[in-house]
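Throughout, protein chains are lettered first and strands after them, A, B, ... in sequence-line order, and every chain is numbered starting at 1. Below, each value reflects all heavy atoms present in this structure, side chains not excepted, and no hydrogens, waters or symmetry copies.
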Amino acid sequence: MKGYILDLKKSENENEVKIAFVEDKETHVLREDFKKYFYLLPQGEAREKLSQHEEVEKVEEVDKKQGKALKITLKNWDSTQKVRDYIEEKELGEPREHQYPGVYRYLIDRNLYPLTYYQVEVKGEEVGKFIEVSELRNEVPALSRCAFDIELDTQGKPDSEVDPIIMISYKDEEDEEVFYWTKEKGTELETIENFLEKLEKKNKQVIEGYNSTNFDWPYLQQRAHINQVKLDLGIDGSSVKVNKRGFGSTAKIFGKLHLDAYKGVEFLTSIGALRLPKNTLEVVYEELCGKEKTDIDHLEIPIYWKEGGEKLEKLKKYNLEDSVAAYEISEQVLPLYQELTRLIGLPPYEITRQSTSNMVEWLLVRESFKFNRLVPRRPTNQEIRARRMNPIKGGYVKAPETGLHEDLVVCDFKSLYPTIVISKNIGPQTLCEDEGCKEEHHESPNGQRFHKNGESLVPQVVEKLVENRDKVKKEIKETKDPEKKKRLEYRSQALKIIANSTFGYLGYPRARWYSRPCAEAITSWGRQYIKETIKKAEEEGFNVIYGDTDGCFIKLKDNQSLQDLKKWLKEINRELPSAMNLEYEGYYPRGLFVSKKGGTAAKKKYALLRDDGKLEIKGFALVRRDWAPIAKKTQKEVIKKVLEEGKPAKAVELVENVVKKLRNKEVDTKDLVIHTTMKKNIDNYNSIGPHVKAAKKLEKEGYKVTAGTVIGYVIKEGNQSISQRAQPIQLVKNKDYDSNYYIDNQVIPATMRILKELGVKESDLKNSGKQSELGKWT
DNA sequence: GCGAGCAGCGTACCT
DNA sequence: ACAGGTACGCTGCTCGCG
């Protein structure tokens, strides 16, 4: 039969892998015998001693690129630890590749990639052989999906021992339903059962939720247990496997993909594809799907439920909308996860919970196997600490010329670090530390040498990623079908994410392939290339007003045209290594650079007006979540006015109005909320800033606050410190805020940053009421 | 005893 | 729980002044 692997797990039988294999709409459970093994760099009588060990099936000598090693095959999957203890006790050598779960080992050995089509011979439930179906190589399976969300009857902190589930909504492509009970009719038990029946009947491949890993599944599991219902949703009849630990929580359903859209949003945020003030369902839904949804305060839910009638209907609508939102948000992350799965080769569920560094690592592990190399061991905690103490020098940033500029062109190096890795053949194996070595080398500006002709895993893998991406980009151009185009764009994005993460990975203290010399060489070449480029531009007569790591901003003089610049770019690219490319990014009629507080030019902070009228703003308060909306909105308007008009008159007027409104308390409280993430747990802070103080107040009221919680607070009136006046938004009475704080610490500093560059004084903004001398600015 | 000035903490940004 | 470079608000200390 023809299909793809959706999931895998260790079978309840020893030495067997269970595979969820999808053929058309049906998911089959297949099994294959598989013996787990690991490698040993042996010492002493390792071979003899281990051959006699009762848990060892066989010991073979294998040739790996790094030399001879022993391959230790185990009688049972679970005996790895026992055999390792024995090795340590008898000092028989250094074990390698002993830490992978058995199913990963299986995927690597069989060279299998989930969500990729294979032809497979099946005898009963046994797997014969997987043969990749080449005509379907580019086909990504269309997974059937559904989403759910639960509501509780709870006061403040939910307690799964006593607070029942009152409502569960379900949503899929063609269907939606809300299951619930009331004091008059039905029970929690029936509600759960009806929902489970629905899931079973619909039998979708993906089950989605929002924060379902940490909330819905653990809660549902508890309530199901109390009601004595089995949560046996696995395609082999197994239960939902919930593992609720502080950090690496999981909720797995064998044969299905549990997709937590919240994790997806965090992932998009981590790769810089998304940035929001808060990652709540409401905010994310509006941003990604452009739709608003009703929000009911958590404390109100039981009230709506008990009241019945119209209120109950409203609660049902809200509950369903949560599922719809989770469903639609998932639509935006699932295709990317699918492409990453096909690229990295881990089971899809694992991919949805991995960081990019882990993905890079697994890609290297798999490629390592293909090159017959042993995977480097994980660093010890001590090594990690030592690595962390010794950071690597990073990119170069040129201080900008402040002020309002016209005729700007931005150029940047396309994938600077990956292309340096490729051009200079940078990897731990090509790194040459032998000073007398007579081979040909690339020598980095910081004095590291890399063999020109040697083979190294890292540059080979990066090259493959970049080449593949170029191919995919070409395909995108040739493809008319919009669906197929979208798929390819996700594939290109997946390749880009992994290629760009490779440098970070080499400098990541926990990485198996950590290499300080490689990472340092990469950044040293990076600094050299951008500095050289700036220098050459200046020699050519261009005015370079700013640069950061891999890009620079050029201000065209009156006698210079865009054509002149593009001609120069061509020349530059002729001199660069073939993999590297300095690209024309865009033309900007106006751009603004400002000073920092101390008076010198501020880096990483600018606003550009593109030739199509769009604003591109970096670093300013308005792109930061820890400023109040009133300050951000006003700053944005000011930047817009200044860039569009080239003078500050209208902007000054605008700020005056906002100041007036604040004074008169005409500003809505929601425009004053400052959001700050708790990076630590509440007790771990040495200095108590406003967000920590607000968090403490929240905790007192029974709210749960942990590392990762985003605190929203408003500064209220009073003469205590700002922190003491930080009131969490949940506890704010309308319009209880300190106007002066928002004027002097938010709106004025945010806007003065910009207006100062144009000669405006602070007093000009606060003169509201009096006629300000607008004539001055025109 | 008081305010100015500053270091250090903490967070979020840019590439 | 990918890297380093950067800005900046707030707290809480030191210091000089009287």
Side-chain angles (χ1 to χ4, degrees), chain A residues 246-248 266-267 269-272 275-277 353-361 384 387-388 390-400 410 412-417 497-511 513-516 518-520 522-524 526-527 530 546-552 585 594-598 600-606 616-628 631 674-680 684-693 707-708 710-711 715 720-726 741 744-746 749-750 753:
Chain A
F247 215 78
E266 282 187 328
F267 180 68
T269 307
S270 79
I271 58 167
R275 181 171 62 217
L276 297 170
R353 12 178 312 100
Q354 296 280 355
S355 61
T356 51
S357 65
N358 270 321
M359 293 189 203
V360 171
E361 186 147 291
I384 292 168
R387 290 171 179 186
R388 194 167 288 140
N390 201 2
I392 291 145
K393 201 170 165 197
Y396 165 72
V397 190
K398 178 185 160 70
V410 177
D412 40 36
F413 281 99
K414 197 182 81 175
S415 300
L416 177 68
Y417 290 168
I497 292 166
I498 301 303
N500 285 344
S501 306
T502 315
F503 156 71
Y505 176 80
L506 286 170
Y508 174 44
R510 308 189 93 95
W513 276 271
Y514 173 88
S515 171
R516 200 186 140 79
C518 290
E520 276 184 320
I522 295 168
T523 57
S524 83
R527 289 190 298 275
I530 192 65
Y546 177 59
D548 186 352
T549 313
D550 62 356
C552 59
E585 194 273 329
V594 299
S595 323
K596 56 186 174 191
K597 248 188 127 186
T600 53
K603 297 165 174 178
K604 299 183 190 282
K605 213 172 222 207
Y606 58 85
E616 276 176 33
I617 298 172
K618 302 287 177 184
F620 281 108
L622 76 98
V623 299
R624 296 179 62 102
R625 64 153 62 143
D626 54 358
W627 283 76
I674 299 164
H675 289 107
T676 311
T677 313
M678 296 288 292
K679 293 276 194 182
K680 311 178 190 180
N684 294 344
Y685 281 92
N686 297 320
S687 96
I688 310 299
H691 70 296
V692 184
K693 191 74 203 175
V710 177
I711 308 289
I715 305 300
Q720 301 141 294
S721 74
I722 289 166
S723 291
Q724 279 168 325
R725 289 188 282 133
Y741 173 81
D744 295 329
N745 296 34
Q746 293 274 330
R753 262 302 164 266

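- Rounded to 10°, the angle separating the first-five-pair axis and the last-five-pair axis of the helix from B/dG1-C/dC17 to B/dT15-C/dA3 equals 10°.
- Taking a 6.0 Å sphere around NZ of A/Lys393, one finds it holds 12 or fewer heavy atoms contributed by other residues, nucleotides or ligands.
- A/His691 and A/Tyr685 have perpendicular rings, their planes meeting at more than 60° on a 0 to 90° scale where under 30° would count as parallel.
- Among the atoms of the strands shown, only primed sugar atoms or phosphate atoms (P, OP1, OP2) are found under 4.0 Å from some heavy atom of A/Arg753.
- Looking at A/Arg625 and A/Thr676, their side chains never bring a donor and an acceptor atom within 3.5 Å of each other.
- The phosphate of C/dC2 has OP1 or OP2 within less than 4.0 Å of a side-chain N or O from A/Ser355.
- Atom CZ of A/Phe503 sits about 11.0 Å away from atom SG of A/Cys518, to the nearest 0.5 Å.
- Between atom CD1 of residue A/Ile617 and atom OH of residue A/Tyr606 there is a gap of 11.0 Å, rounded to the nearest 0.5 Å.
- Checking side-chain atoms of A/Thr502 against main-chain N and O of A/Ile498 turns up a donor-acceptor pair under 3.5 Å.
- Note on A/Gly504: a base of the nucleic acid sits closer than 4.0 angstrom, heavy atoms only.
- Atom CG in A/Asn390 sits about 13 Å away from atom C1' in C/dG4, given to the nearest Å.
- Checking side-chain atoms of A/Gln746 against main-chain N and O of A/Ala628 turns up a donor-acceptor pair under 3.5 Å.
- Using a 4.0 Å heavy-atom cutoff across all strands shown, A/Ile688 reaches sugar-phosphate atoms only and no base atom.
- As judged by a 4.0 angstrom heavy-atom cut-off over every strand, A/Ser721 is placed among residues touching the sugar-phosphate backbone only.
- A pairwise comparison of heavy atoms in A/Trp627 and A/Ala750 identifies CZ3-CB, 4.1 Å as the closest pair.
- Distance A/Trp627 CH2 to C/dA7 P: 15 Å, rounded to the nearest Å.
- Distance, A/Trp513 CH2 to C/dC2 P: 17 Å, rounded to whole Å.
- Atom C1' of nucleotide C/dA3 and atom CD1 of A/Ile497 are separated by 17 Å, given to the nearest angstrom.
- Cation-pi geometry between A/Lys603 and A/Tyr546 is not satisfied (NZ or CZ under 6.0 Å from the ring centre, within 45° of the ring normal).
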| said: Generate the contact string for nucleotides 7-15 of chain B. Rules: B means base contact, S means sugar-phosphate contact only, - means no protein heavy atom under 4.0 Å. | reply: --SSBBSBS
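- Atom-to-atom, CD of A/Gln724 to P of C/dG9 comes out at 21 Å; the value is rounded to the nearest Å.
- The closest side-chain donor-acceptor pair between A/Ser721 and A/Ser723, if any, does not fall under 3.5 angstrom.
- No engagement by A/Asn500 is indicated, since no non-hydrogen atom pair under 4.0 Å with the nucleic acid exists.
- A/Ile722 places its CD1 atom 13 Å from the C1' atom of C/dG12, with the value rounded to the nearest Å.
- A/Tyr741 comes within 4.0 angstrom of the backbone, heavy atoms only, and of no base.
- The side chain of A/Ser723 contributes no N or O atom lying less than 4.0 Å from OP1 or OP2 of C/dC10.
- When rounded to the nearest whole Å, the span between CZ of A/Arg387 and C1' of C/dC2 equals 13 Å.
- Straight-line distance from the CG atom of A/Asp744 to the P atom of C/dG9: 13 Å, rounded to whole Å.
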